[in-house]
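Input: a single structure, listed below in structure tokens.
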Amino acid sequence: MSRESLSSRRNTECEVFDDGTNTFFWRAHTVTVLFILTCALVYVTLLEETPQDTAYNTKRGIVASILVFLCFGVTQAKDGPFTRPHPAYWRFWLCVTVVYELFLIFILFQTVHDGRQFMKYIDPKLGVPLPERDYGGNCLIYDPGNTSDPFHNIWDKMDGFVPAHFLGWYIKTLMIRDWWMCMIISVMFEFLEYSLEHQLPNFSECWWDHWIMDVLVCNGLGIYCGMKTLGWLSMKPYQWQGLWNIPTYKGKIKRIAFQFTPYSWVKFEWKPASNLRRWLAVLGIIFMFLLAELNTFYLKFVLWMPPEHYLVLLRLVFFVNVGGVAMREIYDFMDDPKFHKKLGQQAWLVAAITVTEFLIVVKYDPNTIMLPIPFFIMQCWILGAEGTTFIICPLSLSSHSDITLRYKETRRRKQEVPADRDRPLGNGSTSTPSGRSKLNGSSEPLRQRKS
């Protein structure tokens, strides 16, 4: 690792003190897990009678295969950047990521009818087309026509999605660790809802629902609380002791609670304006975030899942657990590519899942995706693209000039090295690149003494 990257790491990563206690909780239990798994399989094989129900046996076999893979992954998979509350917890979610990607690939290779009907094997209530709720309509904040409750439009919007918006953006802020990027993603998604409401009626909302309730209240408050939490985590001392090395019960309880906080803390400094590479990386992160957000709405639209279904909630819980690891791996890969030579495994899988979800949407309902965008919305996006181009061009030129200067400096240094070697020494001889004499062809090393 270079000196520059080391110094930047010292500035962004906090100091950690660990007494090195390795208890039963932290040891590997590969043999124990293998023994329990083998006993379960022996019981099913020898002591349990197999039912004569093909559908039941199919479901049970798939679930058992997934459980065996999870047991292998939790004990044998490679650790990621996070270790708290336990490395096995993050290995478990890595294996769940693999299972979810394989499930998406299976759905992608089915016909539209078979894919939708396959969801009935998960929940018999699925596989039925559901109408989308329209959040537009009457957008009056104060409705004088309703004498009993003039503010009924506001109370109608106060559903379970309000705390979900707040909690979601609180967690996203902990993942991204940058106020500007969070606000850009929040505002950009509202523009996407404006642009795509002709495709999904779910995107049709009142103006005050877009900008007051979503951007300012729910998203803004979640980002604010997330930034306050980031400030506390960056100032918190990271001193870890073994539980049995702490004398007081209060200290033990505090140590157990802090087990669910990070082991160390790294402050993300994205610096998109520093060079073109980081600028494109930040744009890619924003694009993938927005695509994952859109997939939430489009997936339940094409697979006929109601918004309150538990599968929709499980998908959000899944991204909460894997998103933080993926963002840390992306930041490490972008910040120090010489040390982190390849993209992390969780980041790779999350990117593959996001793309696969979008491909499912395209295959299952291409007519909705290909609905033409209204002309005035297209004009707005063209103006935005032109503004982005005006920003990218100066960064590209500055990055190109920096690379050119670095190349010239490296070339100049390489030219100076032979000149130093050919410089005459005090005894009249000259320095040669090789350690052997070139005058008499002898293989003996040329001994040079300082004059």
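Note that these values count all heavy atoms, side chains included, but never hydrogens, waters or copies made by symmetry.
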**Request:** For a side-chain contact (heavy atoms from CB on, under 4.5 Å) with V42, tell me which candidate from V44, L46, T45 qualifies.
**Result:**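 Exactly one option meets the side-chain contact (heavy atoms from CB on, under 4.5 Å) with V42, and it is L46.
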**Asked** Is it true that a side-chain atom of D214 and a backbone atom of N219 form a donor plus acceptor pair closer than 3.5 Å?
**Response**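 The answer is no, because no donor-acceptor pair under 3.5 Å joins these two groups.
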**Prompt:** Short question: side chain of H198, backbone of S195 - any donor-acceptor pair under 3.5 Å?
**Reply:**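 Between the backbone of S195 and the side chain of H198 there is a qualifying donor-acceptor contact (under 3.5 Å).
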Quick check for you: to the nearest 0.5 Å, what is the distance between [X] atom [atom1] and [Y] atom [atom2]?
{"X": "C39", "Y": "L34", "atom1": "SG", "atom2": "CG", "answer": "9.5 Å"}
{"X": "I256", "Y": "I246", "atom1": "CD1", "atom2": "CD1", "answer": "8.5 Å"}
{"X": "I176", "Y": "I330", "atom1": "CD1", "atom2": "CD1", "answer": "10.0 Å"}
{"X": "D335", "Y": "R278", "atom1": "CG", "atom2": "CZ", "answer": "5.0 Å"}
{"X": "M327", "Y": "M175", "atom1": "CE", "atom2": "CE", "answer": "9.0 Å"}
{"X": "L67", "Y": "L37", "atom1": "CG", "atom2": "CG", "answer": "9.0 Å"}

Angle between ring planes, [X] versus [Y], binned at 30° and 60°: parallel, tilted or perpendicular?
{"X": "Y89", "Y": "W93", "answer": "perpendicular"}
{"X": "F268", "Y": "W270", "answer": "perpendicular"}
{"X": "Y263", "Y": "W240", "answer": "parallel"}

Check this for me: [X], atom [atom1], are more than 12 non-hydrogen atoms of other residues, nucleotides or ligands nearer than 6.0 Å?
{"X": "F35", "atom1": "CZ", "result": "no"}
{"X": "Y224", "atom1": "OH", "result": "no"}
{"X": "K236", "atom1": "NZ", "result": "yes"}

**Prompt:** Closest approach of T75 and R91, non-hydrogen atoms and distance?
**Reply:**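 Of all heavy-atom pairs spanning T75 and R91, the closest is N-NE, 4.4 Å.
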Got a list of side-chain donor-acceptor pairs under 3.5 Å for residues 345-352, not counting sequence neighbours?
| residue | atom | partner | partner atom | Å |
| --- | --- | --- | --- | --- |
| Q345 | NE2 | K78 | O | 3.1 |
| Q346 | OE1 | T97 | OG1 | 2.9 |

**Message:** Would you say the ring centers of W304 and F118 fall short of 6.0 Å from each other?
**Reply:**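 Ring centres of F118 and W304 not closer than 6.0 Å.
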**Request:** Scan side-chain atoms only and decide if Y298 and D365 contain a donor-acceptor pair under the 3.5 Å cut-off.
**Result:**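 The answer is no; no qualifying pair exists.
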